[in-house]
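The residues of the chain are indexed from 1 along the displayed sequence.
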Amino acid sequence: MTAVESRPAGVALTPSPVGQRPFGARIKAFVALTKPRIIELLLITTVPVMFLAAQGVPDLWLVVTTTIGGYLSAGGANALNMYIDRDIDALMDRTSQRPLVTGMVSPRECLAFGIALAVISTVWFGLLVNWLSAALALGALLFYVVIYTMLLKRRTSQNIVWGGIAGCMPVLIGWSAVTNSMSWAAVILFAVIFFWTPPHYWPLSMKVKDDYARVGVPMLPVVASNQVVARQIVVYSWVMVGVSLLLTPLGYTGWFYTLVAVLTGGFWLWEAHGLQSRAKSGVTGAKLKEMRLFHWSITYVSLLFVAVAVDPFLR
């Protein structure tokens, strides 16, 4: 992210002339538009599924082309998301340093960049992977931009539940890249990410709910009490862990994946119930420790999908 002058959240900067914006900072700003940290999580769910689909090591060139295509597609979606949300990004502390807010990138440049990545990624997938993967990637991009960002985000507290479908698509893309088809294994892992997304994101939303309230985005923690949010987190967590264990009885995975799923899922449930207990007791502020579950959720999905990749070699 680029360094900018200190200013209160909500005060957007007018873009300076291109010649007055350092080239290196401009490059970093365009990279920031793609939200690389988020894309890391998407790739973590794509590549391991390719190993499972291949029941071993997939074609490495296919892995490279799928990874690049996935980055371009997700990056395009994220850039378009920033273009649409630039008004509220300027008012939120956690997004006040984004390139459009700081003025390092103009809205027109961001829009053109996002559209270009969307087109390039679709053609890339179609020509170098397969057209099923291209269609899935384009569908994920459109779902995130149109359904989540434009229609759901500012209208319903269930925004992240249904909007999270876009984040589930890399699982299907990874499978289709190898097989040019679908499978129940891919559907199950899609469901794992679907039920993982709300209890992953709601703890973060609890932490920054004042930001969302300021701009009128009805994230669940904004419109519901901590007790209600924590109860929803527990419900989704139990379903997620249960779904994650379906792969083995259906014959897609063996003992190693099952062991990892039970241990990591068990720790997740411990953290989720701990958060619920603190919320029921009326704990607020730093003592609520909601970010413990958020940070563990990233570790959980990483370990689970590493197990997906490793398991075929241990069967």
Are I173 and V187 in one and the same hydrophobic cluster, where Ile, Leu, Val, Met, Phe, Trp and Tyr link if side-chain heavy atoms are under 4.5 Å apart? yes
Does T102 use its side chain to pair, donor to acceptor, with the backbone of Q97 at less than 3.5 Å? no
Once you round to the nearest 0.5 Å, how far does CG of N159 lie from CD1 of I147? 13.0 Å
Between I193 and L189, is any pair of side-chain heavy atoms under 4.5 Å apart? no
Closest approach of L72 to S121 (non-hydrogen atoms, all atoms of both residues): CB-CB, 3.6 Å
What is the distance from atom OH of Y144 to atom CG of N81, rounded to the nearest 0.5 Å? 3.5 Å
Specify the closest pair of heavy atoms between L250 and I188, including all atoms of both residues, with the distance to one decimal. CD1-CD1, 3.4 Å
For D311 and T253, indicate whether the former's side chain and the latter's backbone hold a donor-acceptor pair under 3.5 Å. no
When rounded to the nearest 0.5 Å, the distance separating CG of L141 from CE of M169 is 11.0 Å
Classify the angle between the aromatic ring planes of W196 and H200 as parallel (below 30°), tilted (30 to 60°) or perpendicular (above 60°). parallel
Using atom types as modelled and distance alone, determine if a side-chain donor or acceptor of R155 lies under 3.5 Å from a backbone N or O of M150. yes
Output all residues satisfying ring-ring contact (aromatic ring centres under 6.0 Å, His included) with Y212, sequence neighbours left out; order by chain, then residue number. none
Has K35 got more than 12 heavy atoms of other residues, nucleotides or ligands less than 6.0 Å from its NZ? yes
Within-4.5 Å side-chain heavy-atom neighbours: L52 and W175: yes
Check P203 against L293 and note the closest heavy-atom contact, atom names and distance. CG-CD2, 4.0 Å
Tell me whether L42 shares a hydrophobic cluster with V145, the cluster being built from Ile, Leu, Val, Met, Phe, Trp, Tyr side chains joined at under 4.5 Å. no
Looking at residues at least two apart in the chain, or sitting in another chain, which of them share a salt bridge (Lys or Arg N to Asp or Glu O under 4.0 Å) with R292? E271
Given the rule that I, L, V, M, F, W and Y join up when any side-chain heavy atoms are under 4.5 Å apart, are F294 and I233 in one cluster? yes
Is it the case that the side chain of T34 and the backbone of V31 share a donor-acceptor pair, with hydrogens and angles ignored and the cut-off at 3.5 Å? yes
Between V57 and F313, does the side-chain contact (heavy atoms from CB on, under 4.5 Å) criterion hold? Intermediate values first, please. CA-CA 9 Å; V57 180; F313 299 98; 3.6 Å; yes
Hey, are the side chains of P107 and R86 touching, using non-hydrogen atoms and a 4.5 Å cut-off? yes
Quick check: does any side chain N or O of N130 sit under 3.5 Å from a backbone N or O of S176, one acting as donor and the other as acceptor? yes
Hey, are R214 and D211 close enough for a salt bridge, meaning a charged N less than 4.0 Å from a carboxylate O? yes
List the steps, then state whether side-chain contact (heavy atoms from CB on, under 4.5 Å) holds for W184 with Y252. CA-CA 9 Å; W184 280 113; Y252 292 109; 3.5 Å; yes
Closest contact, heavy atoms only, A166 versus P170: O-CD, 3.7 Å
Counting only heavy atoms not in R108, do more than 12 fall under 6.0 Å of its CZ? no
Quick check: is V171 connected to Y201 through a chain of hydrophobic side chains (ILVMFWY, heavy atoms under 4.5 Å apart)? yes
Whether W202 side chain and P221 backbone form a donor-acceptor pair below 3.5 Å: no
Salt-bridge present (D210, R94; N to O < 4.0 Å): no
Could you tell me whether a side-chain N or O of T156 sits under 3.5 Å from a main-chain N or O of L152, the two making a donor and an acceptor? no
Hey, could you give me the CH2/OG1 distance between W255 and T248, rounded to the nearest 0.5 Å? 11.5 Å
Check D85 with R98, please: is the shortest side-chain N to carboxylate O separation under 4.0 Å? no
Between H273 and W238, a side-chain donor and acceptor under 3.5 Å: yes
Tell me, do D89 and L100 make a side-chain contact under 4.5 Å, heavy atoms counted? no
Pi-cation contact, F30 with R26 (under 6.0 Å, within 45°): no
Can you tell me if T179 uses its side chain to pair, donor with acceptor, with the backbone of S181 under 3.5 Å? yes
Give a yes or no on whether W296 atom CH2 has more than 12 heavy-atom contacts from other residues, nucleotides or ligands under 6.0 Å away. yes
Would you call the rings of Y300 and W268 parallel, tilted or perpendicular if under 30° counts as parallel and over 60° as perpendicular? perpendicular
Quick one: closest heavy-atom pair of V222 and K209, and the distance? CG2-O, 3.5 Å
Are L151 and V215 grouped together when hydrophobic residues (ILVMFWY) are joined by side-chain heavy atoms under 4.5 angstrom apart? yes
Got more than 12 heavy atoms from elsewhere within 6.0 Å of CH2, W131? yes
Intermediate values then yes/no, side-chain contact (heavy atoms from CB on, under 4.5 Å), T66 and F125: CA-CA 7 Å; T66 302; F125 266 118; 4.1 Å; yes
Separation of L41 CG from S302 OG (nearest 0.5 Å): 6.0 Å
Minimum heavy-atom separation for L245 to T258, with atom names? CD2-O, 4.5 Å
N78 side, atom CG; S73 side, atom OG - distance, nearest 0.5 Å: 9.5 Å
Main-chain N/O of G274 paired to S277 side chain as donor or acceptor, under 3.5 Å: no
For residues Y257 and L304, determine if any side-chain heavy atom of one lies less than 4.5 Å from a side-chain heavy atom of the other. yes
Side chain to side chain donor-acceptor pair (under 3.5 Å) contacts touching residues 38-63 (sequence neighbours left out): none
